[in-house]
Number of protein chains: 4
Amino acid sequence: MTHPATVGNVEVIDRSVSRKAADTGTRIRDAAVRLFAARGYAATGIREIADDAGVTTAALYHHMGSKQDLLLTIMRDAMHELIAGARSAVADASGPAEELAGLARAHVTYNGENLIDAYVGDAEIRSLDHSNRARIVKLRDSYEQLWAEVIAQGVVSGDFQIGEQKLFRLAAIQMCNGITYWYTPAGPTSLAAIADELAGFALAMAGCRHGLASPVRAQTGPGEGS
Amino acid sequence: MTHPATVGNVEVIDRSVSRKAADTGTRIRDAAVRLFAARGYAATGIREIADDAGVTTAALYHHMGSKQDLLLTIMRDAMHELIAGARSAVADASGPAEELAGLARAHVTYNGENLIDAYVGDAEIRSLDHSNRARIVKLRDSYEQLWAEVIAQGVVSGDFQIGEQKLFRLAAIQMCNGITYWYTPAGPTSLAAIADELAGFALAMAGCRHGLASPVRAQTGPGEGS
Amino acid sequence: MTHPATVGNVEVIDRSVSRKAADTGTRIRDAAVRLFAARGYAATGIREIADDAGVTTAALYHHMGSKQDLLLTIMRDAMHELIAGARSAVADASGPAEELAGLARAHVTYNGENLIDAYVGDAEIRSLDHSNRARIVKLRDSYEQLWAEVIAQGVVSGDFQIGEQKLFRLAAIQMCNGITYWYTPAGPTSLAAIADELAGFALAMAGCRHGLASPVRAQTGPGEGS
Amino acid sequence: MTHPATVGNVEVIDRSVSRKAADTGTRIRDAAVRLFAARGYAATGIREIADDAGVTTAALYHHMGSKQDLLLTIMRDAMHELIAGARSAVADASGPAEELAGLARAHVTYNGENLIDAYVGDAEIRSLDHSNRARIVKLRDSYEQLWAEVIAQGVVSGDFQIGEQKLFRLAAIQMCNGITYWYTPAGPTSLAAIADELAGFALAMAGCRHGLASPVRAQTGPGEGS
DNA sequence: AATGAATGAGGCTTCATTCAT
DNA sequence: AATGAATGAAGCCTCATTCAT
């Protein structure tokens, strides 16, 4: 109910519109992500969330269920968006190198544009209870599967020089993920530029830095080159 | 899973000795790291730690001070060891490429051999109170400074082809750090092999995969082959 | 398990009719008795009742008033039926022995046929608020008065050999009441047979086991043999 | 820790002594029984118990565990005492009639002397959680088994004229149990006299009112005759 | 006749910590 | 060096009820 079915520019508009009169559920969810990201799930009180959202704790439960429910909702939404972005990136690319670069850029972009959701999604898996964790892990596995397929194809085609594919995959994703821990929109480098840079790193790690005929991405803003 | 001062066979001996009468402080510290890693700082109760260590909560306070003190101790120790390892790796290497590879391997090795300490050190910075966090961040900065210097030298010397040095540093460290989240000693690949692989990735990211005359992992000790 | 105005075969018919479109009030009341009997008044939530009845809590309030109102309704109905049954039993009998046996049988029969209503009526007096409790206690007193009169007459007539009449009354009613705690229609003995047996116990306690010319249970209806 | 190993006059003395400086655990337990009896388990707040016992809720948990633990302790103690009393009553008697009378008197006596414990033990079985309920039901079954054996022997020996033994047992116990609902030490009749009277009822129900050569109990106080 | 939203009060329980012994 | 007792604050959550629609 928070993330729109289609991601893109439209979303941004919708968000800015709905923010003006965000419904209670959304206000609660937003407050929760913010606080979970700032303090951690366990260290965040339900009353803090309620206060932050401007509702009573009882209203919070009326709308969103338990604290655990809130976490599940947040993480599930995040995974769904991440996966959708990755699918779309692969679809838009042709050839293993472009696909890998696309996956890296999509990951970085999603994380950069949804910093706190991504951070929570990354850091709070252990805070999910047994069955909820299973659900999220399943989603995460299906996300990683997208990477695994691209990597395997690149190895088969000879585009990539990779030893252990799993090791490569984990290292590459982890590298892209790192943005969550230090990126800020206020920084000097645009998100798109960072995404390109990290995509370049991923290709280098795969042994095909020069595999892309054209620069990875054309839209890099002025003054953000290396 | 105490982190011994020296790693290797000696460690085992130390362990069997210390097991006979592991002092109370150590038992408490070990229990705390284990639980902080498993559940997170905020979600771990002081009584759980005490129970796990086989002491009363009162004894815990007597020996180790508050829960926050425990966390600080753990994180400070971890940072000190990490820094010591990095310093020693740089000292043993000659030339930017070897140094960078050494840093990567040292990071991976420390994290792999002290999984839970490394994980806590990574995940619980936000659980430190204001002044403690400042202390640890200062240590972390001095650690990153080691990387920064190596990177800068490599760029100056022309060994590395790196755009934004800070971005590279964060991405590389993050990649190495990832091992914390998935490595298990029971896995098929030895820690040394993983360390070499990731060091190779780092060099590739720096644009000098072929910069090392000899194979990256020449220093691998006996009995640790992949 | 609504208590029908008349018990017997007619009841079944009434049920099948009312089932088709049991009115909301009845559905709520039925759900309430069921849950009060199963968990107790205090342990039953108004939302559980509403859910069980298939209505919203708001609708519940609209139809039946508060939780306390529901309890009062249930208990008052139960007392009224119990009293009506006792009156009719006394009217149909002649002589103290028959009357006492009739009271016992009526009590057992009502409780057996309306297990949960009877149980709630018995167990939840303390859950009534001050003024409601007064109302129900008044009804209960008037019910016990019926027993008191029969007992007194039997003592005067010499049919009964009873020491303390109050003690006897309480013991006898309590004994009959016990059925609430263990009777189940699925058991091997018919309710009528149980009622006869307990009526016999009451007479024995009154010192006139042999005071009835004919067997106690002459009135047993067809098809209800033990 | 509340009920003494041996019941009897000594107990009364111990109680009065310990009451002067009752330890915290006992104070809590006593407050709990009192409130559970007065309002019911579900309707009693943990804070009410703590206030009544003069401790904080945290101290209550320190000493007695959860509300459910408190209930289990109370019920288990009550069952143990009841069973001990019944065993001792049977041991002191000779012949089915005396044994049955003894069981009845013991039951009435225990309930009369421990009104609130007995009441709670009777009324709150449904408030026990699954596993605790199983424990108490097991104890209750072993208690009823004592009655069952005496009854069976009396039937075999010809002392008792009883149809369905189980029905008789339930009715008799229920009758004795009733005292819980109306007895008060301030009443005109002594507990011993009531116990004798109810024991006489039980024998009458068993069809052997005159089976005892001597009066059921000699100690009946003056002025308490029928 | 019906309902979704809202709420203040309170439910039970655990928290990290202190202190007298 | 060690501990049992104690506590104020806070933990998450549910309560019965009302009310605008």
Side-chain angles (χ1 to χ4, degrees), chain A residues 23-25 28 41-50 53-71 129, chain B residues 23-25 28 32 41-50 53-71 129, chain C residues 23-25 28 32 41-50 53-71 129, chain D residues 23-25 27-28 32 41-50 53-71 129:
Chain A
D23 72 324
T24 309
I28 292 170
Y41 175 82
T44 301
I46 213 82
R47 283 190 275 250
E48 290 176 283
I49 301 173
V55 300
T56 61
T57 59
L60 187 153
Y61 278 90
H62 181 66
H63 285 279
M64 299 295 289
S66 72
K67 190 183 167 188
Q68 178 71 204
D69 292 339
L70 220 28
L71 180 59
D129 65 27
Chain B
D23 75 320
T24 308
I28 293 171
Y41 174 82
T44 300
I46 211 86
R47 274 189 290 246
E48 289 178 282
I49 301 173
V55 300
T56 61
T57 59
L60 188 153
Y61 275 87
H62 184 72
H63 284 276
M64 301 294 290
S66 75
K67 190 181 166 188
Q68 177 72 206
D69 293 338
L70 259 173
L71 181 59
D129 64 28
Chain C
D23 73 321
T24 308
I28 293 170
Y41 174 81
T44 299
I46 210 86
R47 273 189 291 246
E48 289 177 283
I49 300 172
V55 300
T56 61
T57 59
L60 188 152
Y61 275 87
H62 184 72
H63 283 277
M64 301 295 288
S66 74
K67 190 182 165 189
Q68 178 72 206
D69 293 338
L70 259 174
L71 181 59
D129 65 27
Chain D
D23 72 325
T24 308
R27 285 213 319 278
I28 293 170
Y41 175 81
T44 300
I46 213 85
R47 283 191 273 252
E48 291 177 282
I49 301 174
V55 299
T56 62
T57 59
L60 187 154
Y61 276 88
H62 180 66
H63 285 278
M64 301 295 290
S66 73
K67 191 183 168 189
Q68 177 73 202
D69 292 339
L70 221 28
L71 181 59
D129 65 27

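Fair warning: this is a prediction, and the values are worked out from it, not measured in the lab. Each chain gets a letter, A, B and so on, in the order the sequences are listed, and its residues count up from 1.
- Rounding to whole angstrom units, CG of residue D23(D) and P of dG4(F) are separated by 16 Å.
- Applying the side-chain hydrogen bond (donor to acceptor under 3.5 Å, both in side chains) test to T56(A) and every residue at least two apart in sequence or in another chain returns nothing.
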Enumerate the protein-to-nucleotides 5-9 of chain F contacts in which both atoms are nitrogen or oxygen and the separation is below 3.5 Å.
from   : atom 1 : to     : atom 2 : distance (Å)
dA5(F) : OP2    : H62(D) : NE2    : 3.4
dA6(F) : OP2    : H63(D) : NE2    : 2.1
dT7(F) : OP2    : T56(D) : OG1    : 3.3

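- Rounded to whole Å, the distance from OH on Y61(C) to P on dA20(F) is 17 Å.
- What separates NZ of K67(B) from P of dT14(E) is a distance of 15 Å, to the nearest Å.
- Distance E48(A) CD to dA10(F) P: 11 Å, rounded to the nearest Å.
- Rounding to the nearest 0.5 Å places OG1 of T44(C) at 6.5 Å from NZ of K67(C).
- Taking NE2 of H63(D) as the reference point, atom OG1 of T24(D) lies at 4.0 Å (rounded to 0.5 Å).
- Remark on DNA chain F: of its neighbouring residues Q68(C) and G45(A), the 5'-side contact belongs to G45(A), judged by nearest-heavy-atom nucleotide.
- Rounding to the nearest 0.5 Å places CG of L71(C) at 11.0 Å from CE of M64(C).
- For D69(D) and dT13(E), the CG to C1' distance is 12 Å, given to the nearest whole Å.
- As rounded to whole Å, 14 Å separates atom C1' of dT13(E) from atom CD1 of I28(D).
- Where DNA chain F pairs in unbroken runs of 3 or more (Watson-Crick or G-U, both distances under 3.5 Å), the stems are E:2-21 with F:2-21.
- Once rounded to the nearest 0.5 Å, the distance linking CG of L60(D) with CZ of R27(D) reads 11.0 Å.
- Residue whose closest nucleotide on DNA chain E sits further toward the 5' end, between A42(B) and T44(D): T44(D).
- The nearest pair of heavy atoms linking I28(C) to A53(C) is CA-CB, 3.8 Å.
- The shortest heavy-atom contact between V55(C) and A59(C) is CB-CB, 4.0 Å.
- Between the C1' atom of dC12(F) and the CD1 atom of I46(A) lies a distance of 7 Å, rounded to the nearest Å.
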